[in-house]
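Below is one structure, written out as structure tokens; comments come after it.
Computed from a prediction, not measured in an experiment: that's the story for all the values here. Proteins come first, then strands; the chains are lettered A, B, ... in the order of their sequence lines, and each starts at number 1.
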Amino acid sequence: MEVTLRIKRYNPDQDVKPAFKEYKVEVEGTDRVLDALNQIKWYQDGTLTYRRSCAHGVCGSDAMRINGRNRLACKILMQELGKKVTLEPLIGFTVVKDLVVDMDKFFDSYKSVKPYLIADDPVGVGERRQSPEQREAFEDTTKCILCAACTTACPVTWTSDEFVGPAAIVNAHRFIFDSRDQAAGERLRILNTRSGVWRCRTIFNCTDACPRGIEVTRAIEQVKRALLFEQA
Amino acid sequence: MAYHRYDAVVVGAGGAGLMAAIQMAGKANVAVVSKLYPPRSHTGAAQGGISAALGNVEEDHPQWHMFDTVKGGDYLVDQDAASVLAHEAIDAVLELEHMGLPFNRTPDGRIDQRRFGGHTRNYGEGPVRRACYAADRTGHMIIQTLYQQGIKHQLNFFDEHHLLDILFTDDGECCGVVTLEIKTGEIHVIHAKAVLIATGGFGRVFKVTSNAMAGTGDGVALAYRHGVPLMDMEFYQFHPTGIYKLGILLSEAARGEGGIVRNGEGEAFAARYAPTLKDLAPRDMMSRFIHQEIREGRGVDGKDYVLLDLTHLPPELIDAKLPDITDFARTYLGVEPKTEGVPIQPTAHYAMGGLPTDIEGRVIRDRNATVIPGFYSAGESACVSVHGANRLGTNSLVDLVVFGRRAGKHMLRHIQDVQFRPLPEDPEFTARAELANLLSRKSGERAADIRSAMQEVMMDKVSVVRDEPGLVEAQRSVRELRQAYASVAIQDHGTTYNTELLEAHELGCMLDCAESIVAGALARTESRGAHFRSDYEKRDDKNWLAHTLVYKTSGGLDIDKKPVTITEFEPKERKY
Ligand SMILES: Cc1cc2nc3c(=O)[nH]c(=O)nc-3n(C[C@H](O)[C@H](O)[C@H](O)COP(=O)(O)OP(=O)(O)OC[C@H]3O[C@@H](n4cnc5c(N)ncnc54)[C@H](O)[C@@H]3O)c2cc1C
Ligand code: SF4
Ligand code: FES
């Protein structure tokens, strides 16, 4: 079937501001949006620019706005979208070129919550023990691929430069609820500041956006509850 | 141009590169260069598991693991390296756990283990539970955990920098790299005492592959252009269970948990070919069984695919242990694996060959294992060789952590012992000239056409079953495509984030990989592991119990042989 892709283009070397450009492509219904983008890039317009790598939803490269919602281009099939498809870069980050946004701010927020295991006790022989139930407590948030779909779907991050954003909280949650970690207090303190969890307005955009099916809002709520519990 | 000086530079931030860099963190000044943000590396796509003879759920021994690795590799494995792999795997997996990797657990809180193809108890008696795992996203957990450690140790990441060239002194020592900063188009020269290439595999050479679009063999090809030989390139693994046409992988863990492959008649045919291990026979064999079933007309509806059947597994088990891959079947095929078979075909998956190294990760230049000072490789870009003619499932992830770690430790010693060597004059000359050439034409050949022609011919003539006429045709075709490549033209002539330029550069690298794969496959007139020649169906230990080395020279290609290291296990016929 023939579909029309309306793509928001911007090349800082030559454009003053972004503008939409339309492309017609022949696709199968089972093609991914990424396949359609590749077709344009390879056979119509080599200057069209986007990130991609794994092409099956596990590397987090190609989050973008597809018909107004944050999705991975490699995880959405054309048959889900109709004949006219609008593609735009994620909102809230500086556009580098076309569908590529600057990820520095995103990774800075991520790093600010100390996203690594902190456990300084000497480990004995073998592995640290952890029961299946203890592991289950943070299983959901280990799935994050750092695609930024959640953070850039959140209206709070659009208006506030400070909010660490859902993805950073998800990754803090992954350690706060890991029975092996000893720095929950430290991370909770970071998330208790002006840029932390209390900026969340429970709008659920993040959960809707997450391509890994992580219950992002629930994770944020659990962090909030942990903070209240700690203060009580 | 920007100039930097680091003790060591690691190119590639997948499992191998990060593991190496972490060894040096805090003790030396290390740069980590990656064309992707590190967590986007293809290590993150690994699904099934990482093997180590922990013996957490049943008796197991490193010696058994070593034997399986040697036999799985059809005796082309260097046994000193396999011994290191099997013994150090235990420590490496525990180190990952200590770094925070959330493995699945047994009821008593230990790392859980599952079955995988070719891993056996007591030298082949039956399957053993050796693969440590985190659901079916083990690689995701490894890349996340190592990236987290990289942040903790404040590694100097050069994210979205594309390797363009590797620098050597006149007397052949490695002294740095040239990269392109993708965002700005600026060229960087990184001067270093030691360089590690950990740029991963090159599955994109083939039409149907489980590999990421970034899997284009850049580091391997760039070293090859400098006269470094590539070893055992003809051994390219086709994984039996890729999603039909798309190539997306459905992990062997599916069969480890009890899944069965059925032909168009519904028959579980693997038992006919491999009575002991059945569906858990090694990958080269399973792929050939599928190929034969299809050729004999037992594909589904006469087509070129068969079915992976999980319908007899408890739905809770599927949700708990195979959530991602069953989701792939739903998303991309609209198939519900709990109730229907999933269409599959062999998919290009893993390069056993690559840059030849010793067990310290040092790249060697010839059959006598002469070391190239300062030059290292680890992971899928390297060939130690622990995988020989066919890699066992889960052994790549072990390879990354075990040999990534060894390379990092050795680099640390090396940089303490040596001084910086002077860079060649005009170090970025070659890189600049290559880009300038790609940007010089307004019209010419289209990169996409060359790429798809290469992928077609490699899939058609150089995959699961090969023969001389097919390989000769592939060789001619790759040569012609290389000529066409010389006049490739691209539309994007800008400096900001020019991915069209980089895709063209990657295509050049893939053509180098394709050329060397075909050369090795033509030379090797026997069948061994993943390299099956229908015109030479038998393994020929008399002439071919040897690694191949392919050199690029000014006059064409040279091929040499390098002896295999055999310590404990004499070659035997391989039956399962
Ligand atoms: C779908 C799938 C499932 C798998 N499952 C398993 C499994 O269960 N168990 C197992 O043992 N193995 C598995 N494997 C194999 C294993 O995952 C890979 O072999 C391994 O992860 C490769 O790791 P690496 O560190 O060598 O390279 P990669 O992880 O591929 O990383 C390569 C790095 O090099 C960088 N790079 C490449 N080119 C350039 C350049 N020009 N400039 C700068 N940087 C560059 C990339 O950005 C990236 O950071 C699987 C493979 C696939 C494809
Ligand atoms: S939580 Fe989900 S949407 Fe957010 S960054 Fe992680 S994977 Fe992406
Ligand atoms: S390309 Fe990897 S998530 Fe889409």
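- A 4.5 Å side-chain heavy-atom check between B/Pro102 and A/Arg180 finds at least one atom pair inside the cut-off.
- Considering NZ of A/Lys97 and NZ of B/Lys183, their distance stands at 14.0 Å, rounded to 0.5 Å.
- Proximity of a side-chain donor or acceptor of B/His140 to a complementary backbone N or O of A/Thr142 within less than 3.5 Å is detected.
- Only the backbone of A/Gln44 comes within contact range of chain B, with heavy atoms under 4.5 Å apart.
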| query | What's the verdict on side chain to side chain contact (heavy atoms under 4.5 Å, CB included) for A/His56 and B/Ile243, showing C-alpha distance, side-chain angles and the deciding distance? | reply | CA-CA 11 Å; A/His56 65 286; B/Ile243 290 184; over 6 Å; no
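- When every heavy atom of A/Leu34 is checked against every heavy atom of B/Met213, the shortest pair comes out as CD2-SD, 4.4 Å.
- In this structure, OH in B/Tyr497 is found 11.5 Å from CG in A/Leu99, a value given to the nearest 0.5 Å.
- Ring geometry, A/Tyr110 versus B/Tyr147: the interplanar angle falls under 30°, so the pair is classed parallel (tilted spans 30 to 60°).
- Looking only at heavy-atom pairs under 4.5 Å with chain B, the residue among A/Thr30, A/Asp45, A/Ile76, A/Leu48 that has the most is A/Asp45.
- At a threshold of 4.0 Å, the pair A/Arg51-B/Glu160 counts as salt-bridged, since one of the basic side-chain nitrogens sits closer than that to a carboxylate oxygen.
- With chain B as the partner, the residue from A/Ala55, A/Gly126, A/Ala119, A/Pro12 showing the most heavy-atom pairs under 4.5 Å is A/Gly126.
- Residue B/Ile490 does not touch chain A at all, counting heavy-atom pairs closer than 4.5 Å.
- For the set A/Ser53, A/Cys59, A/Ser61, A/Cys54, the entry with the most heavy-atom pairs within less than 4.5 Å of chain B is A/Ser53.
- Per-residue heavy-atom pair counts under 4.5 Å with chain B were compared for A/Lys143, A/Gln14, A/Gln134, and the maximum is reached by A/Lys143.
- Within 6.0 Å of the CD atom in A/Glu22, the count of heavy atoms belonging to other residues, nucleotides or ligands exceeds 12.
- Under the ring pair (Phe, Tyr, Trp, His ring centres under 6.0 Å) criterion, B/Tyr37 pairs with A/Phe107, sequence neighbours left out.
- What you find for B/Ile151 and A/Pro115 is that their closest heavy atoms are CD1-CG, 4.3 Å.
- Other residues, nucleotides and ligands contribute over 12 non-hydrogen atoms within 6.0 Å of the CZ atom of B/Arg441.
- Ion pairing between A/Glu139 and B/Arg105 fails under the 4.0 Å rule for side-chain N and carboxylate O.
- With a 4.5 Å cut-off on side-chain heavy atoms, A/Lys41 and B/Glu503 count as touching.
- Between B/Asp324 and A/Arg212 a salt bridge is recorded (basic side-chain N to carboxylate O distance below 4.0 Å).
- For a residue to count as touching a neighbouring chain, one of its non-hydrogen atoms must lie under 4.5 Å from one of that chain's; by this rule A/Arg128 touches chain B with backbone and side chain alike.
- Contact of B/Ser41 with chain A is not made at all, since no heavy-atom distance falls under 4.5 Å.
- Applying the salt bridge (charged side-chain N to carboxylate O under 4.0 Å, His left out) rule to B/Lys35 yields the partners B/Asp218, B/Glu506; only residues at least two apart in sequence or on another chain are considered.
- Contact residues of residues 94-101 of chain B toward chain A are B/Leu94, B/Glu97, B/His98, B/Met99, B/Gly100, B/Leu101 (heavy-atom distance under 4.5 Å).
- The main-chain N or O of B/Ala214 is never found under 3.5 Å from a side-chain atom of A/Arg52 such that the two would form a donor-acceptor pair.
- Judged by the 6.0 Å and 45° rule, B/Arg446 forms no cation-pi pair with A/Tyr43.
- Proximity of a side-chain donor or acceptor of A/Arg32 to a complementary backbone N or O of B/Tyr332 within less than 3.5 Å is not detected.
- Applying the side-chain hydrogen bond (donor to acceptor under 3.5 Å, both in side chains) test to B/Asp112 and every residue at least two apart in sequence or in another chain returns B/Tyr133.
- Crowding of A/Glu28 atom CD: a count of heavy atoms from other residues, nucleotides or ligands under 6.0 Å not exceeding 12.
- Contact annotation: the side chain of B/Asp159 never approaches that of A/Met103 to less than 4.5 Å [non-hydrogen atoms, C-beta and beyond].
- Looking at A/Asp98, neither its backbone nor its side chain comes within 4.5 Å of chain B, counting heavy atoms on both sides.
- Heavy-atom contacts from other residues, nucleotides or ligands closer than 6.0 Å to NZ of B/Lys245 number 12 or fewer.
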| Hey, mind stepping through B/Phe103 and A/Glu127 against side chain to side chain contact (heavy atoms under 4.5 Å, CB included) and telling me if it holds? | CA-CA 10 Å; B/Phe103 284 108; A/Glu127 62 267 62; over 6 Å; no
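- At a 4.5 Å heavy-atom cutoff, the contact between B/Phe328 and chain A is made by side-chain atoms alone.
- How far CZ of B/Arg40 is from CD1 of A/Ile145: 7.5 Å, rounded to the nearest 0.5 Å.
- No side-chain heavy atom of B/Lys152 sits under 4.5 Å from any side-chain heavy atom of A/Leu117.
- Remark: B/Asn104 CG to A/Glu136 CD distance equals 9.5 Å, nearest 0.5 Å.
- Looking at heavy atoms from C-beta onward, A/Lys75 lies in side-chain contact with B/Asp327 at the 4.5 angstrom threshold.
- Pairing each heavy atom of A/Tyr50 with each of B/Thr499, the nearest pair is O-CG2, 4.3 Å.
- For A/Leu77, the part sitting under 4.5 Å from any heavy atom of chain B is the side chain, from C-beta outward, and nothing else.
- If you run side chain to side chain contact (heavy atoms under 4.5 Å, CB included) between A/Val96 and each of B/Thr496, B/Ile182, B/Thr184, only B/Thr496 comes through.
- No part of A/Asp31 comes within reach of chain B, as not one of its non-hydrogen atoms sits under 4.5 angstrom from that chain.
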